[in-house]
Amino acid sequence: MNSQISPHVRVRFAPSPTGYLHVGGARTALYNYLFAKKNKGEFILRIEDTDEARSTQESLQGVVDDMVWLNLLWDEGVDSKTLKDLGPLGPYRQSERLPIYKEVADKLLQTGKAYYCFMTDAELEQQREQALKEGRNPHVNSPYQHWTLPQAQEHLKAGNKGVVRFKTQELKKDYILNDLVRGEVKFPSDMVGDFVLLRSDGMPVYNFCCAVDDHMMKITHVFRAEEHLPNTLRQLMIYEGMGWQTPEFGHMALILDEDRQKLSKRKGAVACSQLRDEGYLNSAVLNFIALLGWSHPEGKEIFSIEDMINVFDISRLNHSGAIFDRVKFKWVNAMHLRALPNMELWKQIQPFLARENMELPQDPVWQEKSIEVFKSYMEVLADAIELYRPLNDKSYVILPEAEETMKWEPTKAVLTAWKELVEAYPNEYMTEDEFLKIQDEVKNKTGAKGKHLFMPIRVAVIGKPHGAELKILVPLMNKKSLVSRAALALAQL
RNA sequence: GUUCCCAUCGUCUAGGGGCCUAGGACACCUCCCUUUCACGGAGGAUACAGGGGUUCAAAUCCCCUUGGGAACGCCA
């Protein structure tokens with residue numbers, strides 16, 4: 001491979017603001033970001049909003065917000081707050097670059113590399129069906145490709161609308177792409193038909209903008225998903241037609257859904273914003289999506305973005321698609337969660353607890369202690385809700401899973417003894433030792449032991465027979481709360 | 001249909017001719033820790049799609065088959 005790294009690396013991520021940013025897009029952005037950082041180059045965010053019908057301002061803001069949340073910050077593009085241009089080679093929104101595309105298209109028209117085509121949709125469709133029936137490529141074969149430019153301009157002046165197509169039929173040769181991840185890929189030129197550059201309303205089309213912008217924005221490396229591999233041929237043709245030097249391309253394998261199909265928004269691809277709502281950490285998202293198509297040289301499974309930047313190498317990019325596995329993702333998130341300092345984790349769960357209007361003590365010592373107890377039970381931040389709920393007096397209930405425990409013969413005696421002993425306790429919060437002593441007394445009084453002792457008490461404390469250790473849990477609750485819970489539990493017998 | 005891409009445990013992967021009776025991780029199973037559940041620790045089961053070559057030697061290189069995917073738009 002002749003991948004001589006240019007002195008100054010410039011890469012870009014170019015989303016179209018027609019929906020949310022999903023994990024596939026995020027991974028493309030991540031790899032580009034890593035490559036830029038690793039090579040001390042620039043990371044550009046370009047907005048591909050030439051589909052007027054589907055592009056929206058809200059979606060653009062959403063994508064930008066997700067990028068910011070992921071901490072994939074760009075050097076040039078649009079400002080994350082105002083969405084105004086940022087950088088010397090703008091505008092960075094394609095909808096604001098129309099005159100540029102027009103100019104390039106004119107050049108291609110004048111040099112005979114492109115032509116105006118006036119075929120109707122019906123004609124196109126008919127031709128397509130015919131070709132398919134005969135087992136040929138369903139490519140356009142426009143009669144207008146032979147028209148001279150003045151002839152077409154005359155037709156235009158008469159009020160006809162036409163598209164500008166790139167002329168491919170005379171290019172009878174193979175195009176060779178030295179793909180940075182796949183090696184040599186050979187495309188026969190008839191793999192594509194005369195593709196549209198400018199729509200009849202003058203708006204440019206993806207492949208055209210992409211080539212023009214990558215050239216104008218001095219992009220040196222294009223890393224994108226494999227679905228764009230066939231597009232590369234069209235872009236190569238445009239570069240050749242304009243006499244431009246091509247950037248390096250690298251096509252990465254796709255992220256697949258459970259059916260081994262390309263992840264698509266249509267089929268409910270995972271949105272980054274949704275992951276955030278479910279309580280995934282941005283560092284875990286980055287860690288996990290990096291693993292879907294790349295591996296750490298030391299075989300590490302859990303790592304930070306800084307670590308990734310240090311060791312990132314495109315030679316470790318995979319060639320085959322990867323299924324997005326929610327289960328492993330949760331584990332990765334749990335690992336990141338547990339690596340957080342306690343008070344930082346406390347801070348992170350606040351939005352989730354706030355959603356449920358939970359009132360918890362303000363005491364930082366209590367807060368830190370509670371995190372220490374619940375940390376190993378959390379996989380996503382949202383788990384904190386069910387973990388902390390029992391600590392919230394308002395929501396103490398005996399859960400259905402406690403049913404069996406409540407039926408045990410010694411349960412009533414245990415609950416009664418427990419309630420009496422707690423009532424007799426003189427202070428607000430008991431220590432671990434004091435709890436253990438009380439527990440022992442319950443045991444002596446009732447003769448209950450083992451699960452017949454612990455589970456009823458746990459039900460009286462958190463409403464269910466399983467959960468964190470009592471000796472850590474109980475010191476997190478004040479006497480008043482413990483007594484009223486015990487009373488409630490007894491009342492249910 | 002045509003073209004292109006891809007192929008190691010269920011999943012993500014390591015491996016790039018001998019170090020491979022194929023390593024790691026998630027999930028699963030067993031045990032330990034724990035008077036519960038998790039966490040943690042120790043083990044276990046499970047994979048080179050098939051067939052031909054090349055070679056002293058193939059998971060690794062080549063070819064074919066099969067399977068999967070993508071693209072063939074006035075979407076990106």
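Basis for what follows: all heavy atoms, side chains included, without hydrogens, waters or symmetry-related copies.
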Task: Axial cation check for A/Y175 ring with A/K173, 6.0 Å and 45° limits - done: yes

List the atom pairs, donor and acceptor, that lie under 3.5 Å between side-chain atoms in residues 115-128 of chain A and the rest of the protein, sequence neighbours left out.
unit_1, atom_1, unit_2, atom_2, d
A/Y115, OH, A/D194, OD2, 2.6
A/T120, OG1, A/E123, N, 3.1
A/T120, OG1, A/E123, OE1, 3.3
A/E123, OE1, A/T120, N, 2.8
A/Q127, OE1, A/N141, N, 2.7
A/Q127, NE2, A/N141, O, 2.9

Considering only nitrogen or oxygen atoms on both sides, find all protein atoms under 3.5 Å from nucleotides 64-72 of chain B and state each distance.
unit_1, atom_1, unit_2, atom_2, d
B/rG69, OP1, A/Q261, NE2, 2.6
B/rA70, OP1, A/K262, N, 3.1
B/rA71, OP1, A/K262, NZ, 2.9
B/rC72, O2', A/H139, NE2, 2.8

Open item on the list: Just the rounded figure in Å: distance from P of B/rC5 to CG of A/L317.
Closed with: 17 Å

- [ ] Identify whether any heavy atom of A/T50 sits under 4.0 Å from a base atom; if not, whether one sits that close to sugar-phosphate; answer base, sugar-phosphate or nothing.
- [x] sugar-phosphate

Task: A/Y206/A/D51 under side chain to side chain donor-acceptor pair (under 3.5 Å): CA gap, chis, key distance, verdict - done: CA-CA 9 Å; A/Y206 169 74; A/D51 184 349; over 6 Å; no

Open item on the list: Work out how far the C1' atom of B/rA25 is from that of B/rC63, and round it to whole angstrom.
Closed with: 35 Å

Open item on the list: Students often get this wrong, so: under 4.0 angstrom with heavy atoms, is A/E301 touching a base, only sugar-phosphate, or nothing?
Closed with: base

Task: A/R54 with A/D49: basic N within carboxylate O range, under 4.0 Å - done: no

Task: B/rU3 and B/rG18, which share atom name C1', separated by this distance in whole Å - done: 39 Å

Open item on the list: Under 4.0 Å, counting only non-hydrogen atoms across every strand here, what does A/K300 touch: a base, just sugar-phosphate, or nothing?
Closed with: nothing

TODO: Specify the residue among A/R458 and A/S320 whose closest nucleotide of RNA chain B lies further upstream toward the 5′ end.
DONE: A/S320

Open item on the list: Side chain of A/Y377 only, heavy atoms from C-beta on: which candidate in B/rA14, B/rC39, B/rC37 is closest?
Closed with: B/rC37

Open item on the list: Let me spell it out: for each of A/R165 and A/F454, pick the nucleotide of RNA chain B with the closest heavy atom. Which residue's pick is nearer the 5' end?
Closed with: A/F454

Open item on the list: Determine whether the aromatic ring centres of residues A/Y33 and A/F43 are separated by less than 6.0 angstrom.
Closed with: yes

Open item on the list: Strictly by Watson-Crick or wobble contacts shorter than 3.5 Å, is anything paired with B/rC4, and which nucleotide is it?
Closed with: B/rG69

Open item on the list: In whole Å, measure the gap between the P atoms of B/rU66 and B/rG50 for me.
Closed with: 16 Å

TODO: Whole angstrom is fine here: how far is it from NZ in A/K471 over to P in B/rC37?
DONE: 15 Å

TODO: Among the candidates B/rC39, B/rU3, B/rC26, find the nucleotide nearest to the side-chain atoms of A/S376.
DONE: B/rC39

TODO: Salt-bridge test for A/E301 and A/K328: reply yes if a basic N is under 4.0 Å from a carboxylate O, no otherwise.
DONE: yes

Open item on the list: With rounding to the closest Å, how many angstrom separate the C1' atoms on B/rU46 and B/rC28?
Closed with: 10 Å

- [ ] Remember a base hit wins even if backbone is also touched, and classify A/G450 as base, sugar-phosphate or nothing at under 4.0 Å, heavy atoms.
- [x] base

Open item on the list: Using a 4.0 Å heavy-atom cut-off, does A/V185 contact any base of the nucleic acid, only the sugar-phosphate backbone, or nothing at all?
Closed with: sugar-phosphate

TODO: Under 4.0 Å between any heavy atoms, over every strand shown, what does A/A131 touch: base, sugar-phosphate, or nothing? Just pick one.
DONE: nothing

Open item on the list: Taking B/rC20 as the reference, what is the distance to B/rG52 when you measure between their C1' atoms (whole Å, please)?
Closed with: 23 Å

Task: Note: A/D257-A/K262 ion pair, threshold 4.0 Å (strictly below) - done: no

Task: Atom-to-atom span, CD1 of A/I289 to C1' of B/rC12 - whole angstrom - done: 14 Å

Open item on the list: Using whole Å, what does the distance between atom P of nucleotide B/rU36 and atom CD of A/E469 come to?
Closed with: 9 Å

Open item on the list: When the P atoms of B/rG16 and B/rU54 are compared, how many Å lie between them, rounded to an integer?
Closed with: 24 Å

Task: Any-strand Watson-Crick or G-U partner of B/rC20, both distances under 3.5 Å - done: none

Please tabulate, one pair per line, all N/O donor-acceptor pairs under 3.5 Å involving side-chain atoms of residues 441-455 of chain A, not counting sequence neighbours.
unit_1, atom_1, unit_2, atom_2, d
A/N444, ND2, A/D440, O, 3.4
A/T446, OG1, A/V442, O, 2.8
A/T446, OG1, A/A448, N, 3.1

- [ ] Look at A/E170 together with A/K172 and state whether they make a salt bridge at an N to O cut-off of under 4.0 Å.
- [x] no

- [ ] Can you tell me the distance, in whole Å, between the CG atom of A/D179 and the P atom of B/rC4?
- [x] 15 Å

Open item on the list: Regarding A/S200, tell me which of base, sugar-phosphate or nothing describes its non-hydrogen contacts under 4.0 Å with the strands shown.
Closed with: base

Task: Nearest-nucleotide pick for A/L291, side chain only, options being B/rC12, B/rC5, B/rC26 - done: B/rC12

- [ ] Give none if B/rA58 has no partner; otherwise give the nucleotide forming a Watson-Crick or G-U wobble pair with it, both distances under 3.5 Å.
- [x] none

Task: Opposite nucleotide pairing with B/rU35, Watson-Crick or G-U, both atom distances under 3.5 Å - done: none

TODO: Would you please confirm or rule out a distance under 4.0 Å between OP1 or OP2 of B/rC6 and any side-chain N or O of A/N318?
DONE: no

Task: Nearest-Å distance for atom pair CD/P, residues A/E125 and B/rC74 - done: 11 Å

Open item on the list: Without decimals, in angstroms, what is the distance between A/I472 CD1 and B/rU35 P?
Closed with: 11 Å

- [ ] Looking at every strand, decide which applies to A/K186 at a 4.0 Å heavy-atom threshold: base, sugar-phosphate, or nothing.
- [x] sugar-phosphate

Task: Pairwise P distance, B/rG24 and B/rA76 [rounded to whole Å] - done: 47 Å

Task: Residue A/P188, side-chain atoms from C-beta onward, closest of B/rA14, B/rC5, B/rU3 - done: B/rU3

TODO: State whether the distance check finds a donor on one side and an acceptor on the other, under 3.5 Å, for side chain A/K328 versus base B/rA25.
DONE: yes

Task: Value in whole Å for how far the C1' atom of B/rU36 lies from NZ of A/K443 - done: 15 Å

Open item on the list: Rounding to an integer number of angstrom, what distance separates B/rC4 and B/rC9 when you compare their C1' atoms?
Closed with: 29 Å

Task: A/W331, A/F303, A/F324, A/W294 screened by ring-ring contact (aromatic ring centres under 6.0 Å, His included) with A/F288, the one that passes - done: A/F324

